[in-house]
Amino acid sequence: MAQTQELIQQAQEAYQQGNFAAAEPAIQALLDQEPGIAVLHYRLGICRANLGRITDARSCFRKAIQMQPTAVEFHCDLARTYIQEEDLPEARKIIDHAMSLNPDAEPALAMSVELFTLAGEHEQAMAQLEPKLKAGPISLRLAMALAELCPQFGIEAQGIAAIEPHLAEQQIPPAQRRIAMFRLGHLYDRLGQCDRAFACVDAANRMITPSYDPAAREQAIDQIIASWSAEALESAPTSSAHADEQRPVFIVGMPRSGSLLLEQILSCHPGVHAGGELPYMNEAVVLVSKAMGTDAQLNAWTLDEATGKYISSLAELAPEADRITDKLLFNYERLGLIQLMFPKARVIHCTREPVDTCLSCYFQPFTNAVPYAHRMEHMGHMHRQYQKLMNHWKSVLSISMLDVSYEELVQNPEGTVRQLLDFLELEFDEACLAPEKSTRRQVTGSTTRVNEPVDTKSVGRGKLYGSFIIELTDALKGQESQAMAWQQIPDSQSTISAIPFAGPGATTDDKLGQAEALIASEQLDQAILVLEPICRDEAENTQAGKLLGLSYLRASRLSDAANVLGPIVLADPGDHDARRNLAIAHLSGREVEKAELLLEEGLSQWPEALPLILAKAHVLAATKRVTEALAVLQPLIDSGHTPPEAADLYGSLRGLL
């Protein structure tokens, strides 16, 4: 009995904390003792779904429903397993049945709204929600369904107002709270409120205890490289039974690299069937591994069998298609085996600017099935390992491979599409230039973007979040970060309008106005070109020096920023903006003690200087002293006349707790 009580407590604590890896074995042990408890099967399903084991989760939900057929919640989570596999019709059947059991059940209504949204039937989705919206405040489930619908109607603020009050409720299950935080973050992101958007998604990601092991990942990549050397590939057999097979098109790369858009474009061609994330290479790897056993030699018979099974599966999927895409992105780890199985197949490697790729991943509610996605430093490390392996493949493989840049795809759609179709030996088709008109619906994190016309809105997104993602940028460079996400403080003296033209004969003031506008539009190199001659020729021009220091700071030229701003602060200790920016330069350069000393000196003389108070809060947050940072801001909050920037920072820091 004592052991059972211990298991119950262990399962309950882990489940409530969202630690599904720990909760699963405890719940399974309880089920071994009491297999007839429906809610245990349901919770086991929740654990397995969050661990990425969709088939196992579905089995658990079905067992729970057999025991408790009228439980709407069980049906909703069963439907979600089909959504995850992009089977909207089956999910709709389940939800319609759940609504027939209880038409007033909000979980089923929320899921129904979500399904209409995913299917692109936005008017129907809103029609289902409107009665609840008119009746007054809505539940968190309905608020999250509304959040997914908001971008289609431009009502992001309404979605924020619907979600935020619920986050103060303590009884919200962690998994639900986490998804709500992500959806809130997406809404703030669409409104351009980067500080609040990042605070939401960062807090949501930190609700998961990461299982990513950098050392183990490095070892795994090194093992793949060692096993698939040029010599090993040259001596390995190839599949003879299907040596000329050209139907498979393997789309590989990192998540959020544009693969969904690319596959959607190809799906518009009459000769292409979009297969999505096919499991067939997983099955091939299992078959090859079993056949090899302890023998390291790979034989042609085994390759033929694995290839034959893959081709048979493709034939069942789309017997008439000339090309069938397999968008299981992590097949990039298996390109050696793919070449042996399909020497004449084609590989499309999706690439995207690394910071944009990783930041986009961080904004997605991945489970521990994508273990590196919950910490910035893990994202950067994983990306470097992926790039290392791709560089190896390009040096040893002979299979046809095409790199497709996301940036090039959205900036030059027609040229890139023509290149893609030429690579696949397909005739050009105009339909591929309008993927948003496809009847095929995408139901992953890119749903809204993929089902809209191609545009460049997501290019360079990382620049908007530069000051929040120091850990990521450091990890991408292969160095350990001492910083935490923090908000870059705007220059309080800056007055920006349209960029003026400082032509021949322009005065210094004209040039300073141009430089301010260039800084505001993040054209930092151009601003520096304008400002450096002024600072050289007019060394006493403090305003030019401050703008140049700010430009250097935002361009991450930290030592240059410190060299310019240091003398300004020395000459005028009461210049709070210059002192603040100098402190930020020291902090970004990991000179935390210098930053703290600089701010303490200023605050000892000007204790109410807002730029210095905010900067001190940022330094404390960056060094993971969030509670101390909040204490610094608390007097401003309590004053009843809180400046907006202080209120925003306070809210962001609260979100990090």
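Below, each value reflects all heavy atoms present in this structure, side chains not excepted, and no hydrogens, waters or symmetry copies.
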- Message: Quick check against the 3.5 Å criterion: does Gln543 have a side-chain atom that pairs as donor or acceptor with the backbone of Leu512?
- Response: no
- Message: For a quick test of reading the model, state the closest non-hydrogen atom pair linking Asp577 to Pro611 and the distance between them.
- Response: OD1-CG, 3.9 Å
- Using a strict 4.0 Å threshold on nitrogen-to-oxygen distance, state whether Arg196 and Asp189 make a salt bridge. no
- Between the side chains of Arg256 and Ser360, is a donor N or O closer than 3.5 angstrom to an acceptor N or O? yes
- Query: Would you call the rings of Tyr332 and Phe330 parallel, tilted or perpendicular if under 30° counts as parallel and over 60° as perpendicular?
  - Reply: tilted
- Message: Within the supplied structure, the quantity of interest is the number of heavy atoms (other residues, nucleotides, ligands) at a distance under 6.0 Å from Gln634 CD; does it exceed 12?
- Response: yes
- Query: Taking only residues two or more places apart in sequence, or in another chain, which ones meet Thr209 in a side-chain hydrogen bond (donor to acceptor under 3.5 Å, both in side chains)?
  - Reply: none
- With sequence neighbours left out, what residues match Asp356 under salt bridge (charged side-chain N to carboxylate O under 4.0 Å, His left out)? none
- Task: Could you list the residues that satisfy salt bridge (charged side-chain N to carboxylate O under 4.0 Å, His left out) with Asp572, not counting sequence neighbours?
- Result: none
- Task: Ignoring hydrogens and angles, state whether a donor on the side chain of His186 or Glu148 is under 3.5 Å from an acceptor on the partner side chain.
- Result: no
- Note on the structure: To the nearest 0.5 Å, atom CZ of Arg580 lies from atom CG of Leu612 at 8.5 Å
- Message: By the side-chain hydrogen bond (donor to acceptor under 3.5 Å, both in side chains) test, which pairs, at least two apart or in different chains, include something from residues 593-607?
- Response: Glu591-Lys594, Glu596-Arg625, Glu600-Lys616
- Verify whether one side chain among Thr357 and Glu353 offers a donor that lies under 3.5 Å from an acceptor in the other. no
- Judged by atom type as modelled, is there a donor-acceptor pair below 3.5 Å linking the side chain of Arg190 to the main-chain atoms of Glu156? no
- Message: Counting only heavy atoms from other residues, nucleotides and ligands, does the tally under 6.0 Å from CD of Glu608 exceed 12?
- Response: no
- Task: Kindly compute the distance separating CE (Met379) from CD1 (Ile469), expressed to the nearest 0.5 Å.
- Result: 10.5 Å
- Item | Partner residues of Val370 under the side chain to side chain contact (heavy atoms under 4.5 Å, CB included) criterion, sequence neighbours left out | Phe366, Tyr372, Ala373
- Output all residues satisfying salt bridge (charged side-chain N to carboxylate O under 4.0 Å, His left out) with Arg217, sequence neighbours left out; order by chain, then residue number. Glu333
- Item | Closest non-hydrogen atom pair between Pro567 and Ala562, with its separation | CD-O, 4.3 Å
- Item | Sidechain N-carboxylate O distance under 4.0 Å for Arg206, Asp202 | yes
